[in-house]
**Q** 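Pasting a structure here, questions to come.
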Number of protein chains: 2
Amino acid sequence: MSIIPKLSFKNQAFKLREHAILDAATAVLSSKGYDLMTMDDVAGAVGISKPSLYKHFKSKEELVGEALIRLLDGALEYVAALDPGLGPVDKLSALLEWALRVRLDGGLPFLPSTSPHVREMLIRNVKYMLRVVKLNRQLEGMVKQAQQQGLLDRELPTDVILFSYYARTCDPAVEYLQKYSKMADEDIVRHMLKVAFDGFR
Amino acid sequence: MSIIPKLSFKNQAFKLREHAILDAATAVLSSKGYDLMTMDDVAGAVGISKPSLYKHFKSKEELVGEALIRLLDGALEYVAALDPGLGPVDKLSALLEWALRVRLDGGLPFLPSTSPHVREMLIRNVKYMLRVVKLNRQLEGMVKQAQQQGLLDRELPTDVILFSYYARTCDPAVEYLQKYSKMADEDIVRHMLKVAFDGFR
DNA sequence: GTCTATACCCGGATAGAC
DNA sequence: GTCTATCCGGGTATAGAC
């Protein structure tokens, strides 16, 4: 887009720093959550001062919004890159596996729906909601298709499956297993997928 | 315990007020969460002033701790009152149903494990942890028994089932269904139980 | 663009009158 | 025991020097 190469360098460095800030924000968010995350935490983790932070993101809400947008973009990319030959259930399973691995790796659960504060903030974020709607449309399509093919329970309303699916991507059992059982990440993912699709029985 | 009746009246009124405060705290907590709940909110909801609140509970942490202890006591009572003739899976199902109904009724999810802040605070709360350990022991017993009888998946580690069970008691899908689908509470409970025990398939 | 220093606000907790 | 008024810490955001 830019036709002046001189600006490219600056922009490049700027983008790099922005990336580092988002990484730091992601790490702090995943350990302390939104309300307890302070801008000092993020600035400290990046190794810059707070005012410099505000040169990149004009508020805490914007910073967190961008971090979550990046996460959703990752999910959208992952879905787009899936083998089109896969069945709907395999796709849903693969994406859930991806989301669980991201979290086990210190990343964020998407849809940090738990905090009313955060939820309200994100709903006001048009850029974020755009991604949510797009991802939701694709997932809803997969669920409906799977139900028609009899691969997912036809008795259950699509909403129930879809919302429960989202809930599994941020299931707190993951953290508990990671913390209190000595289970390998591989096994946690495997078990969580099993429980999600087949239940406890 | 008290041998002076004169004090009984005062104590009775005191207990009543305390009950009202805990009700208010529960309501505010369930709608705003811990971090966004202010002592002004609670005082306002009860109709008393903030200093009066502090006559009953010496800090925000203590207030919230007591509200959650009351909740756990409710769960423990419910479990104790269950027909001993019921099988372990029926008991687990009944308790999960109870927990979901409490939430749909404006109550709290037990184990608000989501917020690291709250979790840390509760772990320091001996009175609270006592209840958690007691309840956990009973639930773990039920899960193991059910696995031995082949009523719950033997392949899954007990921890996985137990933590996932806790996660279902605070599954955010409940709120989403209540808010975005026009489903009756009865149906939400029924579907959530089905998904928990039998999965999406 | 980066820092130091600061304005400003809000929420937890308390002093002191009644 | 209840209220009004206030303290104080900490967190967001910014002013202004370099």
Side-chain angles (χ1 to χ4, degrees), chain A residues 4 6-22 24-25 27-29 31-68 115-118 120-122 124-125, chain B residues 4 6-22 24-25 27-29 31-68 115-118 120-122 124-125:
Chain A
I4 305 172
K6 221 164 115 191
L7 287 182
S8 271
F9 278 120
K10 256 178 21 186
N11 279 344
Q12 213 171 340
F14 204 78
K15 284 288 174 197
L16 268 175
R17 174 117 59 185
E18 225 167 70
H19 198 81
I21 294 174
L22 289 175
V28 177
L29 267 180
S31 71
K32 311 178 78 169
Y34 179 81
D35 295 306
L36 263 60
M37 171 190 119
T38 73
M39 294 301 261
D40 288 287
D41 288 336
V42 179
V46 179
I48 61 175
S49 72
K50 201 160 44 166
S52 303
L53 201 54
Y54 278 91
K55 294 288 178 188
H56 290 265
F57 302 95
K58 72 172 191 298
S59 70
K60 183 181 177 182
E61 295 204 349
E62 183 184 302
L63 169 58
V64 172
E66 291 297 325
L68 292 174
S115 154
H117 187 186
V118 177
E120 188 205 359
M121 164 188 111
L122 291 175
R124 289 196 312 265
N125 187 329
Chain B
I4 306 172
K6 223 165 112 189
L7 287 182
S8 272
F9 279 120
K10 257 178 20 186
N11 279 344
Q12 215 171 340
F14 204 79
K15 284 287 174 198
L16 268 175
R17 173 118 58 185
E18 225 167 69
H19 199 81
I21 293 173
L22 289 176
V28 177
L29 267 179
S31 71
K32 310 178 79 168
Y34 180 81
D35 295 307
L36 262 60
M37 170 191 119
T38 72
M39 294 301 262
D40 290 286
D41 287 336
V42 179
V46 179
I48 61 176
S49 71
K50 198 160 48 164
S52 303
L53 200 55
Y54 277 91
K55 294 288 179 190
H56 291 263
F57 302 94
K58 73 171 189 298
S59 69
K60 182 181 178 182
E61 295 203 349
E62 183 184 302
L63 169 58
V64 172
E66 291 297 325
L68 291 174
S115 155
H117 186 186
V118 177
E120 188 206 0
M121 163 189 112
L122 291 175
R124 290 195 310 266
N125 187 329

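A, B, ... follow the sequence lines: proteins, then strands. Residue 1 opens every chain. Fair warning: this is a prediction, and the values are worked out from it, not measured in the lab.
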**Q** Can you tell which of D:dG1, D:dT12, D:dC3 lies closest to the side chain of B:I48?
**A**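 Given the options D:dG1, D:dT12, D:dC3, the side chain of B:I48 is closest to D:dC3.
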
**Q** Round to the nearest Å and state the distance from A:H117 atom NE2 to C:dC10 atom P.
**A**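 Those two atoms, NE2 and P, are 13 Å apart.
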
**Q** Would you please name every residue forming a side chain to side chain donor-acceptor pair (under 3.5 Å) with B:S31, sequence neighbours left out?
**A**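 Expected list: none.
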
**Q** Should B:S52 be listed as having a side-chain N or O under 4.0 Å from OP1 or OP2 of D:dC3?
**A**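 Answer is yes, contact under 4.0 Å.
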
**Q** Under 4.5 Å between any side-chain heavy atoms of B:M37 and B:L63, yes or no?
**A**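 With C-beta onward as the side chain, the pair touches.
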
**Q** Can you tell me the distance, in whole Å, between the OH atom of B:Y54 and the P atom of D:dT4?
**A**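 Taking atom P of D:dT4 as the reference, OH of B:Y54 is at 17 Å.
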
**Q** Going through the checks in order, is the side-chain contact (heavy atoms from CB on, under 4.5 Å) test met by B:E61 and B:R124?
**A** CA-CA 10 Å; B:E61 295 203 349; B:R124 290 195 310 266; 3.0 Å; yes

**Q** Can you tell which of D:dT12, C:dG11, C:dC3 lies closest to the side chain of B:T38?
**A**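 Comparing D:dT12, C:dG11, C:dC3 against the side chain of B:T38, the answer is C:dG11.
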
**Q** Collect all protein-nucleotide pairs involving nucleotides 16-18 of chain D in which both atoms are nitrogen or oxygen and the distance is under 3.5 Å.
**A**
none

**Q** Check the pair A:H117, B:D35 against side chain to side chain donor-acceptor pair (under 3.5 Å), reporting the backbone distance first and the verdict last.
**A** CA-CA 9 Å; A:H117 187 186; B:D35 295 307; over 6 Å; no

**Q** Taking only the side-chain heavy atoms of A:H56 (C-beta and beyond), determine which of D:dA13, C:dT2, D:dT4 contains the nearest atom.
**A**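 Looking only at side-chain atoms, A:H56 lies closest to C:dT2.
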
**Q** How close or far is atom C1' of D:dG11 from atom NZ of A:K32, stated in whole angstroms?
**A**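 Answer to the nearest Å: 12 Å.
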
**Q** Look at the side chain of B:K60 and the base of C:dG11, then say whether one donor and one acceptor between them are separated by less than 3.5 Å.
**A**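 Answer no: no donor N or O sits under 3.5 Å from an acceptor.
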
**Q** Measure the distance from NZ on B:K50 to P on C:dG12 and round it to the nearest whole Å.
**A**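 The distance from NZ of B:K50 to P of C:dG12 comes to 7 Å, rounded to the nearest Å.
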
**Q** Using a 4.5 Å cut-off on heavy atoms from C-beta on, say whether the side chain of B:L36 contacts that of B:D41.
**A**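 B:D41 does not reach B:L36 side chain to side chain.
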
**Q** Got A:R17 and A:I48 here, is their nearest side-chain heavy-atom distance under 4.5 Å?
**A**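 Result yes, sub-4.5 Å side-chain heavy-atom pair found.
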
**Q** Check the distance between C:dT14's C1' and B:D40's CG and give it to me in whole angstrom.
**A**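 Going from CG in B:D40 over to C1' in C:dT14 covers 14 Å.
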
**Q** Kindly state each residue pair satisfying salt bridge (charged side-chain N to carboxylate O under 4.0 Å, His left out) with at least one member in residues 42-56 of chain B, sequence neighbours excluded.
**A**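 Sorted result for residues 42-56 of chain B: B:D40-B:K50.
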
**Q** Could you check how far CG of B:D35 sits from P of D:dG10, rounded to whole Å?
**A**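 Taking atom P of D:dG10 as the reference, CG of B:D35 is at 16 Å.
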
**Q** Could you state the atom-to-atom distance from CG of A:L63 to P of D:dG11 in whole Å?
**A**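 Rounded to whole Å, this separation is 16 Å.
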
**Q** Could you tell me how far apart A:F57 (CZ) and D:dT12 (C1') are, to the nearest whole angstrom?
**A**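 Distance, rounded to whole Å: 16 Å.
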
